[in-house]
Amino acid sequence: MARYGMVIDTRKCVGCMDCVVACQTENSVPQGYCRDWITTEVRGEFPSLTMEIRSERCNHCDNPPCVSCCPTGASHVEPDGRFVHVTASRCIGCKACIASCPYGARFVHPDGYVDKCTFCAHRVRQGQDPACVSVCPTRCMYFGDLDDPQSKVSELLRTRRWHVLLPDAGTKPRVYYLS
Amino acid sequence: MEQLSRRRFLKISAATFTAAAAVTRLPDAVRVAGAAEAEKGVRTVPTFCEMCFWRCSGIAHVRDGKLWKFEGNPNDPQSRGRLCPRGTGAVGAYYDPDRLQKPLIRTSARGKDAWKAVTWDEALAYVAERMQKIKAEHGAESIAMFNHGIGVRMLQHVLKSYGCTNFAGPSFAQCRGPRDIGFLLTMGTGLGSPEPTDIANTDCLVLIGSHLGENMHNTQVQEFAQAVARRISIIVVDPRYSVAASKAKHWLPIRPGTDLALILAWMNVIVAEGLYDRAFVERHGHGFDRFAAEIAASTPEWAAGETGIDAGLIRTTAREIARHRPASLVHPGRRVNWNGDDAQRSRAVALLNALLGNWGRKGGIYLQAGMRVASYPLPKYPASTRPLADNPNQERYPFADEPVTTGLRDATISGKPYPIKAWWVYSTNLMQALPNPAETLKAIDQLDLLVVCDTVPSDIAGYADVVLPEVTFLERHDELLVGWGRQGWTSLRQPVMPAPADQKPGWWIAKELAGKLGIAQCMPFKDMAEYLATRVEKSGLSWETLKNDGVIMGPKMPITVEEGAEFAFDTPSGKVEFWSDQLVKAGFDPVPKYKAPAPLPEGFFRLVTGRSPVHTFSRTQSNPLLAGLMSDNEVWINAATAAKLGIANGQFVTLRNQDGVASNRVRVKATQRIRPDTVYMVYGFGQTNPRNRRTFGKGASAAQLNTRYATDPLMGGTSLHGNYVAIEQEA
């Protein structure tokens with residue numbers, strides 16, 4: 001079984017937010033909400049500066065606190081691909097998962113259930129990349145099986161310097177940032 | 001083989017105009033779903049985008065009768081299968097609840113929000129009647145048009161058939177015009193769009209004010225990202241730490257308005273140290289020795305005092321730029337109207353590229369290839385004996401080769417050389433596009449008729465006598481795109497969705513108007529599909545293929561010397577004009593000369609502007625998807641400066657310029673990413689039409705603050721960065 005992850009090359013990313021819009025249209029995300037977003041981190045003082053731009057979303061953690069705290073089992077790990085998903089019909093909107101997620105990846109959908117990035121499992125299961133990956137004009141995002149040493153994502157993690165967000169949270173996130 | 005320059009090709013196309021009228025009747029090309037609700041499943045329609053003017057082709061997906069998503073067309077050389085956020089966000093343009101819905105006629109004073117909705121028949125009869133009256137009293141030349149985008153084609157054709165001659169787009173004097181004239185004077189050709197910059201293969205890329213990544217011209221950004229990944233040398237000159245600057249090897253945070261000093265100093269080093277391409281200059285250069293003498297005093301030490309860039313760094317970067325030649329590219333820029341002397345600065349950029357010998361070279365400036373597509377036989381336009389009003393006999397702006405919007409505005413205000421009594425405004429928001437909207441209002445006061453045709457209630461629509469609601473690009477056919485690039489191509493725009501209300505396509509409006517003006521014969525086809533199919537089939541191309549694929553590629557031709565291409569320079573000397581005799585003759589500097597910007601008065605900051613990746617000026621701001629990403633602009637202030645002024649990040653302030661004009665309240669972004677003496681905002685915000693609810697009063701307008709603009713004496717470009725502002729806190 002695959003263990004899907006995303007690798008994002010922050011050197012190539014220009015922060016244009018195409019990934020954000022593509023997710024909104026692909027997944028009919030309600031207006032005013034987004035499942036992915038751009039973070040810009042500036043370090044230093046004028047004129048000695050560095051900047052990292054990141055496309056962020058649910059990290060589909062290997063150790064997802066949102067799943068372990070969910071009282072109804074709505075938040076769960078899909079056996080194929082290890083996607084962290086929410087079953088809308090089982091969600092009671094208690095927001096425990098929102099509180100537990102250190103990445104702020106979840107929100108309450110206007111219809112009352114908790115929503116977030118699905119890694120576009122509906123596309124991945126048809127052999128396509130997630131929408132954000134497939135539209136990116138800089139081609140800075142890569143998606144694939146982290147357990148497959150032949151995959152592009154595995155190769156990138158072997159050959160490039162990378163970091164994940166909040167490694168100390170113990171969540172074992174599966175979105176990696178190349179720097 | 002010698003590459004036909006784009007400019008020369010266009011001249012030839014115009015000359016071989018045919019007047020025969022042979023029409024092939026073809027069935028309506030695309031069936032727009034009449035009953036959208038009943039439609040089930042997913043269908044896809046390829047069409048080229050109008051969210052900006054890069055003209056990528058995309059594929060629209062319609063699911064169960066609803067527009068679902070718009071993705072890049074893999075057949076298309078512009079998008080290469082990937083759109084930018086604005087293209088992806090096109091879905092929001094279709095569903096925008098603030099779209100213009102019905103034709104409107106003003107019922108009160110201009111600028112008051114009082115209208116009656118009318119039928120198309122009433123609206124166009126009203127327009128035609130007033131046009132006829134103006135033509136009878138003043139001549140058809142007194143009806144002018146401002147336009148942007150390919151959608152204007154048939155409306156412009158009908159007005160030309162009616163005898164109108166004055167057409168101007170802000171894409172020239174308020175955008176790429178200075179660059180194209182700078183290159184025309186130097187290399188004998190402008191660059192057009194897309195710019196023939198071989199970023200994909202360059203080893204050194206210099207961006208001067210060009211902020212690729214925020215300026216989202218798709219193909220260039222794709223190649224820029226690849227260039228970053230290839231770890232080539234990138235040198236960015238910008239008073240702001242732009243996204244591109246953050247990817248650069250060298251960021252030169254230049255004092256605004258001093259770019260020419262830097263370019264002259266770079267050329268000084270490259271010439272003095274003999275780093276230039278001698279063979280290219282000897283073979284193709286005109287007046288090189290006189291040029292070299294002219295720039296001999298422009299040393300890095302001199303330029304350091306002007307630009308604020310260390311002389312050592314100027315020298316290092318000059319050597320770096322030269323080291324990679326000919327695969328070294330100084331990007332010519334696009335919206336380059338900064339200081340009012342921009343054609344000369346662009347000429348310097350052209351000369352710097354010439355020193356690198358990168359013309360027609362891999363990794364430099366490639367030679368554009370096109371394809372020939374037959375024209376539709378249309379009747380000839382009536383001849384006019386009157387000069388163009390914006391620049392009569394090219395006496396005001398001797399080197400302008402397109403009409404100057406602000407010249408047309410001046411003519412409207414003064415009534416000279418003849419009165420301008422009507423404006424047609426198509427898809428350009430003049431209140432934001434032209435400097436100093438107060439002058440635009442003064443011009444509007446002189447008009448007997450102001451017609452605005454657009455998809456959204458723009459600022460200028462608020463002042464119209466008649467508002468004509470056009471469908472978005474997703475609901476219409478437009479003129480064929482015949483593109484010039486690494487390979488010529490043709491793209492089709494075709495309807496994807498039905499019009500949600502009583503909006504109509506530009507070509508339909510044009511055809512109805514022609515009928516009412518009594519010149520129906522100028523539109524001798526049933527509809528646009530028939531017109532397009534005729535052009536395509538006459539060219540020996542397949543209409544079916546174009547409809548299904550969206551794009552047809554032209555023949556592959558060599559575009560670089562490496563591939564066997566040859567080139568010639570269409571200048572008076574037939575060479576690259578390091579020294580320009582035609583400029584001397586017209587009373588201008590033969591080699592660009594630096595003039596220092598006026599010193600900054602105490603308490604003021606230089607205002608510079610730029611673009612956001614999610615908006616195209618003001619025209620996309622009401623799109624709910626894109627407004628969700630950016631609903632208003634911020635004013636960037638250096639964090640230390642803000643602290644000194646006691647201004648907090650996120651606070652609202654007002655900007656007041658040197659003439660006392662105050663902006664809307666605008667949020668502060670206190671950041672390390674800008675020079676302490678400079679403030680920055682994204683252009684096009686601060687709209688004033690209350691019918692455009694998402695944009696009304698949001699952010700500050702750079703155009704409104706641009707009261708003291710300088711006009712380029714060569715070609716009429718108007719400056720955008722000549723203003724100073726003070727920052728006022730709210731009480």
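Residue numbering restarts at 1 for every chain, and letters A, B, ... go by the order of the sequence lines.
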Between [options], which has the largest tally of heavy atom pairs under 4.5 Å with chain A?
{"options": "L67(B), L83(B), V614(B)", "result": "L83(B)"}
{"options": "R673(B), E223(B), E71(B)", "result": "R673(B)"}
{"options": "A229(B), S79(B), C84(B)", "result": "C84(B)"}
{"options": "L629(B), V91(B), N638(B)", "result": "L629(B)"}
{"options": "M630(B), R231(B), H61(B)", "result": "R231(B)"}

[X] versus chain A, heavy atoms under 4.5 Å apart: side chain, backbone, both or neither?
{"X": "V228(B)", "result": "both"}
{"X": "I674(B)", "result": "backbone"}
{"X": "S631(B)", "result": "neither"}
{"X": "Q222(B)", "result": "both"}
{"X": "R63(B)", "result": "side chain"}

Heavy-atom distance under 4.5 Å to chain B: side chain of [X], backbone, both or neither?
{"X": "E26(A)", "answer": "both"}
{"X": "Q31(A)", "answer": "side chain"}
{"X": "T10(A)", "answer": "backbone"}

Between [X] and [Y], which heavy-atom pair has the shortest distance, and what is it?
{"X": "G15(A)", "Y": "P613(B)", "result": "O-CG, 4.3 Å"}
{"X": "V135(A)", "Y": "R82(B)", "result": "O-CB, 3.4 Å"}
{"X": "P47(A)", "Y": "W251(B)", "result": "O-CZ3, 3.4 Å"}

Give, for atom CE of M17(A) and atom OG1 of T88(B), the distance between the pair rounded to the nearest 0.5 Å.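 Reported to 0.5 Å precision, the distance equals 12.5 Å.
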
Does L625(B) form a side-chain contact (heavy atoms from CB on, under 4.5 Å) with Q24(A)? I'd like the steps, not just the answer. CA-CA 8 Å; L625(B) 281 169; Q24(A) 288 171 327; 3.5 Å; yes

Test item: [X] side-chain N/O and [Y] main-chain N/O as donor-acceptor pair under 3.5 Å:
{"X": "K12(A)", "Y": "Q226(B)", "result": "no"}
{"X": "K247(B)", "Y": "C13(A)", "result": "yes"}
{"X": "Y241(B)", "Y": "L49(A)", "result": "yes"}

Largest heavy-atom contact set with chain B, pairs under 4.5 Å, which of [options]:
{"options": "E45(A), E52(A), R11(A)", "result": "R11(A)"}
{"options": "T50(A), D18(A), T25(A)", "result": "D18(A)"}
{"options": "C19(A), S28(A), S134(A)", "result": "S134(A)"}

Suppose a student defines contact as a heavy atom less than 4.5 Å from any heavy atom of chain B. Which residues in residues 136-160 of chain A would they list?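 Residues C136(A), P137(A), T138(A), R139(A), R160(A) are the ones that qualify, each having a heavy atom under 4.5 Å from chain B.
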
